[in-house]
Amino acid sequence: MKKTTITVMVMLFAMSLLVSGCAKTPAKDEGLTEETTKVELKQQQPAVVVEKDVKDDAAALARAAELAAANGLVRIQFDFDQYVLTDVAKAVLVVNGELLTAAPAVKILIEGHCDERGSDEYNLALGEKRALAAKSYLVSLGVGADRMSVISYGEEMPIDPASTKAAWAQNRRANFKVKR
Amino acid sequence: MRYFKPFIFSIIMLCLLSSVASAARIEISAPGEQTIPLAATHLLPMGAGYPGLAEEFQQALQGDLELAGLFDLVDPDAFLSDADKLGLRRNEIDFYQWRMLGADALIKGGYKVDGGKLTIELRLFDVITQRLLTGRRYVGKLTDVRNIAHKFADQILKSLTGEKGPFATKIAYISKRTGRKELYLMDVDGHNSMQMTSHRSIVLNPDFSPTRKEFIFTSYRNGNPDLFRKEIYTGRESRLSLKPGLNIGGRYSPDGREIALTLSKDKNSEIYLLGTDGTIHRRLTNHYGIDVDPSWSPKGNEIAFVSDRRGNPNIFIVDIFTLDVTRLTHAGKYNATPAWSPKGDRIAYSRLEEGNFNIFTINPDGSDDRQITFGKGSKEHPRWSPDGRFLIYSYDLHKKKSIWIMRADGTGRKKISAPGSNDSHPAWSGSW
Amino acid sequence: MKSSRKQRWQQLQSVFEPGFKQMLLASILIHLLVPILYYSPLFPQREIVKPPVYRVNLVNKIVKNPQAGRPEATVVKKKTKVKPKAKPKPKPKVKPKAKPIPAKPKAVKPKPKAVPVKPKPKPKPKPVVSQVQDKVRESALDKMRAKVAAQAHKDKIAALKAAALAESLIESPIVDAPVGMADGKGDEAGVSAIASVQEFIQQQWVFSEYQAAGKPEAEVKMAYNREGTLLHYKFIKKSGNSVFDESLTRAIVKSKHLPQALPEAMEFEIVFNLKDMLDK
């Protein structure tokens, strides 16, 4: 029973995060820290606890967790020519890590990407560094290394192909995809 | 007999005296003209004419000659009667006419079409000394017209500079004209482009084997950036290196026996040497920073590469035997895509400044760093012609990517890829 | 002298075999055959290559002892003993670059049917005060003026182009300096043969920077007669770079005839290298 509530909690939180994540990409100077994220988590708890009416089917639970992971994993952003995780990125990874811990059967592929500036080869290596930085942080959060593989696409697959600062910021990222 | 001695003696004395008679010394330290006035006449039919053939030939040849930078082509409108005479033998040519037009060199030629067979006879004459400099007969198919023009242009450079031209070679490149990045092949002047892969994935960064008709490239076809090898004529294709992580930037050694590339199998990009069977021969770099983009010195003992081990991406050189690493570039904040010239005297690379790449060349000891492209848009991925005369590169202006060619000093820039073709990452073959 | 020659001939004869005379005769006949054959239709005739017209910058006369001055200077009026060259129209200060350049004269020549303009050769023909009030005539005049102005403008551009071309070849065009050499010590207005020959041969030499490899240098001895015709030449030192040496051969062949006579038969030892080209 307890497990179920947590799962639902996590799921709903993930949804909310997804919505907020889609609404605006975290800006760098917002200075979001791990602390505040935890506070948010606490604040949202009451709303979640209300829901109780969930089936006790283990398979369904696992599926729900997988779905949560599949939909809830949020990408992280990087600074230009950097693969060091920003505080914002770390906060996001904490949430991603929780989603992954809740769905132990899920295996993911972390994709590293770069903006169009810089040389292609270098960006392939940089993208991989980004993906690896995300992976090792998730490992430090307790996610099994064998569940995560990485790939770099360098600057080959931009989200926004425009040559603007906003587009570049979007494109410097690590994506998380659930492997099927 | 005894009269001979004084006779000879006096002759010698005369010679001595005349030579001593104050020959004025002059030094001429530069030529008065720095382009060779060359008259390139139209191909004339030896028998029945074939419409458009001479024009096609002329267009191909003229493009090469202009790019060479050596010539000042004499205006064909000024040509006199000799231009319409088929005579290809030395004594059939009215050199006086050409001399009057100020031509120092003269190209004459004729063609014959016999069924599908094409024969082209070509001559290059020295107008001043009235000498045949080079004469060739080419036999091929009708579709070989341009190729024959390129081959003859190579010969012209050979007889006027002592070194063959690179015009009859090939360019491999990446094009996104289908919506996906695939590998293509074309002539040095951009004609005869041909799609070589159909991976429907991402194909990157080709390189030619110096010894065989094949190339290597990276493709995501199997979900990972693996190194592929493809034989050009048979179309046979295989994966050469499929280590986890990156298998990118493969470059054949000058002798074709090894391949330098970037692998990240140990969670960090490093430069390795592979055998042509794909086995790892040696690891060349060992640093937690990014190491990519190897380029061989023509002697095959050193490799230039890009590393951010000192903060920003810069060009470094590693000795493949001692593994000593020296830093090549110091200026600028972002230097990448090195290409070592086949003569070994220069290394071309691109530098990112104010959001755009431009191409520079530098001596391998780090001296004489020179910018050779300027202006809007990014110019990247320089690669040398096999003779070191020219550079080919990617040009990206407002997302329109195309391949350009220029002389090694940055002059004579010319777009060679077709309009709107979205081409990048050229690589120049060896002699074809 | 004659008798001694005869003696020598007899001596020689005595040395030779008895059949020598016949052999000599046969030899002469065979030798005679050569020119006969040469002019026969068996050997097609080729025209003798006449030297084409060359552009030279040192237009001044070659003298033996040039005075101090500028080799490229235009002859100054005072020097009456020098044959006046085709001088441009006066007013050198209007067109300081008015040098004897072939393309030049056209610039000064007004259109034959031009409206009365001020005699100034410069463009901008200010309307001459003609008190004609007829509007039609006025407009016609305007048209003609415009035409003249356009022509003058064109000519001016042509002159400027020619001047720019000349300037690229000559370091400092100077009109007022005396004609002579910078290191001249003589008393004749003119240029030294050496400077003139150097200039001329350099102009004939065609070599591209894209042909260069290394630092080639070659030395050639060239002997000219008084008329400025090359008698013979010889490579004293070849560069070892055949492309470079061949370019010199072409330059020498083109320098078979100098554009001016020399004060005397002369020999030159010319060093060819690329010092000033590669330094660029």
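Please read all numbers here as calculations on a predicted model, not as lab measurements. First the proteins, then the strands, lettered A, B, ... as listed; each starts at 1.
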[X] versus chain B, heavy atoms under 4.5 Å apart: side chain, backbone, both or neither?
X        : answer
A:Ala133 : neither
A:Tyr153 : both
A:Asn123 : side chain
A:Leu124 : both

Pick whichever of [options] has the most heavy-atom pairs under 4.5 Å with chain A.
options                                : value
B:Asn205, B:Val292, B:Ile290           : B:Ile290
B:Pro313, B:Ser269, B:Gly249           : B:Pro313
B:Asn268, B:Val306, B:Thr337           : B:Asn268
B:Asp291, B:Leu352, B:Thr262, B:Leu204 : B:Leu204
B:Ser264, B:Ser350, B:Ser378, B:Ser424 : B:Ser264

NZ/NE/NH1/NH2 to OD/OE distance under 4.0 Å, B:Lys399 and A:Glu116:
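Judged by the 4.0 Å cut-off on N to carboxylate O distance, B:Lys399 and A:Glu116 do form a salt bridge.
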Can you say whether [X] sits under 4.5 Å from chain A via the side chain, the backbone, both, or neither, judging by heavy atoms?
X        : result
B:His381 : side chain
B:Leu246 : both
B:Ile248 : both

Can you name the salt bridge (charged side-chain N to carboxylate O under 4.0 Å, His left out) partners of A:Asp120, sequence neighbours left out?
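Salt bridge (charged side-chain N to carboxylate O under 4.0 Å, His left out) check on A:Asp120 returns nothing, list empty.
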For the interface with chain B, which of A:Ile151, A:Leu109, A:Leu126 has the highest count of heavy-atom pairs at distances below 4.5 Å?
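Of the options given, most contacts go to A:Ile151.
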Of the listed residues (A:Met157, A:Glu121, A:Lys129), which shares the most heavy-atom pairs with chain B below a 4.5 Å separation?
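Winner by heavy-atom pair count: A:Glu121.
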From B:Tyr220 OH over to A:Ser152 OG, what is the distance, rounded to the nearest 0.5 angstrom?
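Reported to 0.5 Å precision, the distance equals 5.0 Å.
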Nearest 0.5 Å please: distance from the CZ atom of B:Phe357 over to the OG atom of A:Ser119.
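So the gap between those two atoms works out to 5.5 Å.
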Are more than 12 heavy atoms from other residues, nucleotides or ligands located less than 6.0 Å from atom [atom1] of [X]?
X        : atom1 : result
B:Arg370 : CZ    : no
B:Arg200 : CZ    : no
B:Lys176 : NZ    : no
B:Phe374 : CZ    : yes
B:Lys415 : NZ    : yes

Any side-chain heavy atom of A:Tyr122 within less than 4.5 Å of one from B:Asp308?
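Side-chain contact under 4.5 Å: yes.
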How far apart are the closest heavy atoms of B:Tyr288 and A:Tyr83, and which atoms are they?
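Minimum heavy-atom contact is O-OH, 4.3 Å.
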